[in-house]
Each structure stands twice: as C-alpha cells, then as structure tokens.
Protein chains: 2
Amino acid sequence: MSLDRRSGCPINLSLEVFGDRWSLIILRDMIFGGRRHFRELLNGSMEGIASNILADRLKRLMELGMLTKADDPSHKQKAIYSLTEMAITLVPILAHLGAWGRVWLPTSEELSIRAELLEKGGPPLWEKFMDELRHEHLGTPLDTASGPSVRDTLQAAYEAVVARKALSASPAA
Amino acid sequence: MSLDRRSGCPINLSLEVFGDRWSLIILRDMIFGGRRHFRELLNGSMEGIASNILADRLKRLMELGMLTKADDPSHKQKAIYSLTEMAITLVPILAHLGAWGRVWLPTSEELSIRAELLEKGGPPLWEKFMDELRHEHLGTPLDTASGPSVRDTLQAAYEAVVARKALSASPAA
DNA sequence: AAATCTGATTGCATTTCGCAATCGGTTGCA
DNA sequence: TGCAACCGATTGCGAAATGCAATCAGATTT
C-alpha cells in the first residue's frame, strides 16, 4: 500500500498518511500510552477500535514506514510494534493538535491535562519526550539528563485529575 | 451535524473535526490560496474535489464553527465563505504538518517551498499571517506593520520555483 | 487437558466516497 | 431579447471503507 499521490503538496501527502479516523489514534496510544502490542492497542484505546481496522492500520503504517514489527523474544506469538523516527517526529504535531482541540472543542478535563502540560512545556519538553521515545523504540542512548519520564509525568497528572474529580464527586469521604 | 464524541480526548476530537481527506484541504486552499467561493475551491484545488463532497464539507465546517457564509453583495447568487478564528488558529498546525510532510514524504519541490518558508519564518511569521487572515475574514484592523502579505510572499516563492524549473527544462531559451 | 491469551481474519450490513450528470437561478454579452 | 456561461449546489449510482461480531490457529497458563 502506498500513497495515492493526489498531489505533491506536503499537507495533502500528510493527510494521505494519517487523514483518517484511526491512524493518529493508534500512534497517540503508542506515543502517549506506551502501548506496543496488538491487544494493548485493541483494548486500551478509549475510542474502541475494531480488530480488523486495527490490523489494517498497523499494516498500513508499517508499509508507510511509520512502524516496525518484531517478535517479542519472551513470548513466541507476541509481536511488538515500534515507532520509527518518522512517527516520533509527529510529537510536535500531536502537541499542537491537542492544544488546538483543548481550546476549541468540548474536551474532558482529565483527558486534556496532558495536552495542557505538553503545550506549556513547549518544544524543549517535546524534544525530551522524543528523545525518550527514541530510546524506547530505536534503542538510542538517552542524552538529556532525565528525571521522571515525560510520559510518566503526563500520566501522573492525568491520574491526579481523576482522583480529584472522584473526591469532589463524593465529598463525604 | 455534530461531533460523534467517541471520547473527550483533544486529539480524538480534533480528528473528528478534520480527520478526513478533504476538510483540511479546503481550509488549506482558503488559508494559503485565498479562495472564498465555491467554484474557486472546486476548480482551484489541485487534488480535484467533487462538488458534492465540497458542498458537504463546507456545510459541515460551518456547523462546526470553522466557517461562515455570507452573500456576496456584488453577485446575487454568489456566496462568500469566511474563516472563523477557530479555523485561523489552525495555521501553526498546518505549518507543522507541511514541515513534517516535506521531510518524510515525496513532496514536489514547487509545492513544498511554501512549507519551507513557513517553517523558517516560525511562530512570528505564523502570527503575522494569522493577523492578515483575521483582517481578510473577520474585518479586524491590521496591527503588525506589514510589508507584502505573507500569502503573496509564499505565492511569489512558489512562482519563482515554477519559473526556474520551466527554464531548466528548456535551457536553450 | 482445559482455559486463556496471542495477533489476526472472515462475513456481513451500513455508511461513506468518488464521479458524472444535472438542477434552477443569475449573469454577461450579442 | 436571446442565449451561453456561470452560480452553488443536488441526485443517482457503483465502489470502497467502516463497524461489529464471530471465529481462527497457535502458544501459554493453569
């Protein structure tokens, strides 16, 4: 499967890669959710992707050079999916997309806290995150002095919001 | 027509708005091509959108608050479409998208020169451009000292590449 | 040996897409 | 006045994509 190439415009070609309802969702779950296996992506996505569509998109993203697949050494039937550099460099786009959606669309508070932190962190945070992703998925050494990982920081913020909301929903704890 | 709201995730909701093959193309042509009329969008888009899809997407983008429609006073049957602030703030996303596509996808040289300049100009250039779009579409005053418009600058660069390529294709001129 | 989990695949109904033809109304020009 | 061209769509239709549930064979766990 390759690009239709309706035109050589960069925006058009980008849309041919992930201008559908699921490709970017899958990449989002791999990038921000740390998911690497088929079942994790299948059950972990909030939006409930169907298994045939997930299989099709994984195949397509591999053919486009956004993902690679390898056998999980610990589990003969498990496949592990990895982001390529091409996919990792989507982080700034996802950050902008999240920031835009947070402003203009009816996002839920707990799910937009990550977008907010990512926006506030700006390009330096994105770079740190991309470096961590390269380490996870490409095996490159980490060169930024680290502290907690960006993904863990975002996840902790998400959980804090969820906890606070649960508390305020039943204040007589 | 409203959002499906598969989830309240900002990225998911953004994809529900323009996660299809045409919505962003239409907005691209309005933003970078300065197109305001149905026929301009229909014939001007390199990718060749069908008229029923164009009509559907214009309607949808209006319902989502990205566009408004008004009668063209000079032409009883002409409608003029305007970008809202919601659409104008897509400029940084389009800039990133173009930059990403230029790096990773087989873009054509003449069509990627705009993306390159837009990337090089960075946020200050994007702001100037957005200010010009607000002036065109929302009637707000221009507050940045201007010079040639960003759109004209990008268009001139595009034409220069086209001219150079035509020249090198027939060098015996 | 049975139950569960793995990454998928298949069948099928519904929806969306892409394309061409066409529509009623407006405009510009002879 | 006549008439072709243009305006923003709408309609019909075949092809493709989507969503959903059921199922698969092999590997692993119990």
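Convention: sequence-line order gives letters A, B, ...; per-chain numbering from 1.
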- [ ] For the pair B/His135 (side chain) and B/Pro141 (backbone), establish whether a donor and an acceptor sit closer than 3.5 Å, ignoring hydrogens and angles.
- [x] no
Open item on the list: Any residue in residues 70-78 of chain B with a heavy atom nearer than 4.0 angstrom to DNA chain C? Just list them by number, or reply none.
Closed with: B/His75, B/Lys76, B/Gln77
- [ ] With rounding to the nearest 0.5 Å, note down the distance linking CG in A/Leu133 to CG in A/Leu138.
- [x] 9.0 Å
- [ ] Round to the nearest Å and state the distance from A/Ile49 atom CD1 to D/dA21 atom C1'.
- [x] 16 Å
Open item on the list: Any non-hydrogen side-chain atom of A/Trp100 less than 4.5 Å from a side-chain atom of B/Val17?
Closed with: yes
Open item on the list: Would you compute the distance between atom CH2 of B/Trp126 and atom CD1 of B/Ile93 and round it to the nearest 0.5 angstrom?
Closed with: 10.5 Å
Open item on the list: So which atom in A/Leu83 and which in A/His137 form the shortest heavy-atom distance, rounded to 0.1 Å?
Closed with: N-ND1, 2.9 Å
- [ ] Count the heavy atoms of every other residue, nucleotide or ligand shown that sit under 6.0 Å from NZ of A/Lys165, and state whether that count exceeds 12.
- [x] yes
Taking N or O atoms only and anything under 3.5 Å, show me the protein contacts with nucleotides 11-16 of chain D, one pair per line.
from, atom 1, to, atom 2, distance (Å)
D/dG12, O6, B/Asn52, ND2, 3.4

- [ ] Determine whether more than 12 heavy atoms belonging to other residues, nucleotides or ligands lie under 6.0 Å from atom NE2 of B/His37.
- [x] yes
TODO: Could you point out which residue of B/Pro106, B/Ser112, B/Ser108 forms a side chain to side chain contact (heavy atoms under 4.5 Å, CB included) with A/Pro10?
DONE: B/Ser112
Task: Interatomic distance where CG belongs to B/Leu54 and C1' belongs to D/dT10 [whole Å] - done: 13 Å
Task: Value in whole Å for how far the C1' atom of C/dT16 lies from CG of B/Asp4 - done: 13 Å
Task: N or O in side chain of A/Arg57 less than 4.0 angstrom from D/dT18 OP1/OP2 - done: yes
Open item on the list: What is the distance, to the nearest angstrom, from the CG atom on A/Leu61 to the P atom on C/dA8?
Closed with: 13 Å
Task: Value in whole Å for how far the C1' atom of C/dT15 lies from CZ of B/Arg60 - done: 14 Å
TODO: Please list, by residue number, the residues of residues 18-47 of chain A whose heavy atoms come closer than 4.0 Å to an atom of DNA chain C; answer none if no residue qualifies.
DONE: A/His37, A/Phe38, A/Arg39
Task: Stepwise salt bridge (Lys or Arg N to Asp or Glu O under 4.0 Å) check, B/Arg36 with B/Asp72 - done: CA-CA 10 Å; B/Arg36 308 288 297 264; B/Asp72 186 326; over 6 Å; no
TODO: May I ask you to say what B/Ala79 touches in the nucleic acid, namely base, sugar-phosphate or nothing, with a heavy-atom cut-off under 4.0 Å?
DONE: sugar-phosphate
Open item on the list: Treating A/Glu16 as the side-chain partner and A/Arg6 as the backbone partner, does any N or O pair qualify as donor plus acceptor under 3.5 Å?
Closed with: yes
Task: Integer-rounded Å distance: D/dC7 P and B/Lys69 NZ - done: 15 Å
Task: Side-chain heavy-atom pair A/Glu47, A/Arg21 within 4.5 angstrom cut-off - done: no
